[in-house]
*Asks:* 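A single structure is presented below for examination.
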Amino acid sequence: MTLYNVPSKHYFRLHHPRPRFKNDIENVLIYFASEIAAIGRKRIRDFVLDFDFAIKKYPGNLTKTQKTINNWRTEIDALFSFIEREGDYLKPSKRAIELATNQDLVKFFKLFCYHFQYPGGFLKPHVNLEYLRNGINFRPCSYILELLTEAEAQEGVRVGISKSEATHCIFNDLRVTRDGRTPKATWRLIRKNRQMDLEYDWRGDVIRYAGDILDYMVQANLLVSRPNHKYYINQTESIAIRRFLNPTNDLFDYYNEIADVATLTLSEVKELDAEWVSYFNTPRDEGFFDTDILALVADTTSQYQELKSLIDLDRIIAEGGLSSTGSIGSIGESLILNHEKKRLVQEGRPDLEHLVKLIPTQYAIGYDINSREINETHRNIEVKTTSSTTPLAFTRFHLTPNEWSAADSNKERYFVYRLMVTKGSIKLCVIQDPVGNYKNGNLSAIPRNGMDIIFDPNKCGIEETLLI
DNA sequence: CCTACCCGTGTG
DNA sequence: CACACGGGTAGG
């Protein structure tokens with residue numbers, strides 16, 4: 001057995017903060033984004049105190065030392081840029097607010113993968129300086145997608161790569177990260193190594209950095225991992241992948257901002273790192289990376305087509321006046337519209353089916369769908385959709401001021417349909433009269449531009465099967 | 001000194 | 001043997 005190593009003159013290990021929550025990443029990210037959004041803009045000291053308190057409240061953190069809490073606070077933020085600094089103040093970043101409000105983790109990870117690069121502001125300035133002096137200039141997610149696309153075209157079959165191949169043939173090789181070796185040439189190397197039966201150092205601490213990026217790409221639904229521990233292009237996400245292959249021209253380039261790398265100082269790098277946070281929060285059109293719920297639920301292209309024809313979103317959209325086909329919110333609404341019609345038929349009132357209507361958003365009456373009970377009284381439904389590749393506790397959602405006051409005035413006629421879309425499954429939880437439940441202490445609500453709701457499924461909310 | 005990514009090493 | 005705690009350590 002022979003080990004493949006990057007020739008030492010080309011070796012440069014790429015690094016980023018190690019997340020301390022990989023097993024629980026979706027829950028931690030939703031929790032962090034929600035808590036940070038709830039804290040709002042505060043003086044640094046107060047912000048940190050509030051944030052520390054929130055981190056300690058996270059399950060399992062009560063007994064952790066202050067040192068560990070500090071590490072959670074700074075490392076997660078360094079990697080995901082959840083907090084922006086404004087003089088003596090800290091405030092939630094755009095991405096944090098988006099995630100807290102929309103709870104679209106798949107879209108969040110697509111945006112993360114799209115903007116992530118080396119060098120980057122997640123590194124300590126002196127480490128980043130080292131990267132700059134070495135001329136590192138590397139966007140891992142675009143590169144991996146290009147490589148797999150190229151390899152599939154060449155081989156004529158589905159192609160996957162492993163964490164160790166990504167580490168030793170891509171991430172840690174300056175010929176890729178500095179010199180921009182073509183994906184085609186890199187694939188030639190990987191294939192040659194396979195033919196020669198070369199092994200790689202695959203110890204956890206060696207391959208974990210490239211491995212993290214591959215895992216984040218799975219969270220973004222760009223790649224799928226198979227039981228052979230290799231990562232493949234997700235065929236149902238071709239539109240999003242095309243964006244990675246043809247990126248916009250507004251991505252952050254340290255080298256554009258630097259006159260001369262040789263005389264670059266630490267404090268100059270620090271200034272650039274501050275710009276990194278705002279770059280990482282670049283505003284993007286709502287439809288830039290819309291999560292295609294059906295692409296998330298489907299495992300294969302044929303399954304995707306089947307679902308698409310079954311649900312016939314286009315017809316629902318045409319009839320119901322949905323503004324866009326894109327956001328998970330609108331797709332969630334059309335799924336529930338379909339669900340309500342089927343429910344009335346099942347419960348013996350097919351004559352009421354035609355009364356189930358989507359309410360165009362411009363009316364802003366505080367709910368999405370007008371439906372009926374079998375006794376013909378109104379059922380006003382607000383749909384709250386979360387998407388994630390793996391299941392997570394979905395007991396949090398956000399109600400706007402409008403929605404909260406509609407819930408307050410409609411009382412038991414107001415329903416929140418909590419929809420959790422994960423890879424391969426859809427879960428639905430129905431919460432009746434959220435304001436009433438709040439007053440009874442069955443559900444907690446914290447004001448933030450409306451209300452951040454946390455419900456306990458044992459106290460309120462009934463799990464139902466989504467009718468398709 | 002303190003802060004904040006860095007990362008050795010214990011654990012399950 | 002992968003993961004994450006909490007000490008390490010460089011810079012402020």
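Within every chain, numbering begins at 1; the chains are lettered A, B, ... in the order of the sequence lines, protein sequences first and strands thereafter.
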*Asks:* What is the distance, rounded to the nearest whole Å, between atom OH of A:Y58 and atom P of C:dC5?
*Replies:*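 It works out to 11 Å between those atoms.
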*Asks:* A:K192 pairs by side-chain contact (heavy atoms from CB on, under 4.5 Å) with which of A:M196, A:R188, A:R194?
*Replies:*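 Exactly one candidate clears the test, A:M196.
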*Asks:* Can you measure A:K64 atom NZ to C:dG7 atom P for me and round it to whole angstrom units?
*Replies:*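 Rounded to the whole Å, the gap is 13 Å.
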*Asks:* Write down the distance between CG (A:D212) and C1' (C:dA4), rounded to a whole number of angstrom.
*Replies:*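 Checked: the CG to C1' distance equals 12 Å.
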*Asks:* Please list, chain by chain and in numerical order, all residues satisfying salt bridge (charged side-chain N to carboxylate O under 4.0 Å, His left out) with A:R158, sequence neighbours excluded.
*Replies:*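 For A:R158 the salt bridge (charged side-chain N to carboxylate O under 4.0 Å, His left out) partners, ignoring immediate neighbours, are A:E152.
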*Asks:* Both A:P125 and A:K163 contact DNA chain C. Taking the nearest nucleotide for each, which residue is further toward the 5' end?
*Replies:*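 Nearer the 5' end of the strand: A:K163.
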*Asks:* According to salt bridge (charged side-chain N to carboxylate O under 4.0 Å, His left out), who are the partners of A:R45, at least two apart in sequence or on a separate chain?
*Replies:*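 Here no residue qualifies.
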*Asks:* If only side-chain N and O atoms of A:W72 are considered, is one of them under 4.0 Å from the OP1 or OP2 phosphate oxygen of C:dC5?
*Replies:*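 For C:dC5, OP1/OP2 do have a side-chain N/O of A:W72 under 4.0 Å.
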*Asks:* Among residues 263-277 of chain A, which ones have heavy-atom contacts with DNA chain B below 4.0 Å?
*Replies:*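 DNA chain B contact set from residues 263-277 of chain A: none.
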*Asks:* Just how far, in rounded Å, is P of C:dA4 from CG of A:N61?
*Replies:*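 To the nearest whole Å, that distance equals 12 Å.
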*Asks:* For the residue pair A:Y200 and A:H168, is the inter-centroid distance of their aromatic rings smaller than 6.0 Å?
*Replies:*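 Yes: the rings meet the under 6.0 Å criterion.
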*Asks:* Please state whether the phosphate of C:dC5, meaning OP1 or OP2, lies under 4.0 angstrom from any side-chain nitrogen or oxygen of A:T68.
*Replies:*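 It does not, given that no N or O in the side chain of A:T68 lies less than 4.0 Å from OP1 or OP2 of C:dC5.
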*Asks:* Check each of A:K107, A:K423, A:K110 against A:N221 using the side-chain hydrogen bond (donor to acceptor under 3.5 Å, both in side chains) test, and report the only one that passes.
*Replies:*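 Filter result, single survivor: A:K423.
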*Asks:* Assign a letter to each nucleotide of nucleotides 3-12 of chain B from its 5' end: B, base within under 4.0 Å of a protein heavy atom; S, sugar-phosphate only; -, no contact.
*Replies:* -BBBBBB---
*Asks:* A:E86: what forms a salt bridge (charged side-chain N to carboxylate O under 4.0 Å, His left out) with it, not counting sequence neighbours?
*Replies:*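 Counting only residues at least two positions away or on another chain, A:E86 forms a salt bridge (charged side-chain N to carboxylate O under 4.0 Å, His left out) with A:R41, A:K91.
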*Asks:* My understanding is that only one of A:L214, A:I144, A:V159, A:L148 makes a side-chain contact (heavy atoms from CB on, under 4.5 Å) with A:Y231; could you say which?
*Replies:*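 Running side-chain contact (heavy atoms from CB on, under 4.5 Å) over A:L214, A:I144, A:V159, A:L148 with A:Y231 returns exactly one hit, A:L214.
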*Asks:* Identify, with sequence neighbours excluded, every residue that meets salt bridge (charged side-chain N to carboxylate O under 4.0 Å, His left out) alongside A:K64.
*Replies:*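 None.
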*Asks:* Rounded to the Å, how far apart are A:D201 CG and C:dA2 P?
*Replies:*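 The answer, rounded to whole Å, is 11 Å.
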*Asks:* Between A:F82 and A:F108, is the ring centroid distance below 6.0 Å?
*Replies:*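 Centroid separation for A:F82 and A:F108: below 6.0 Å.
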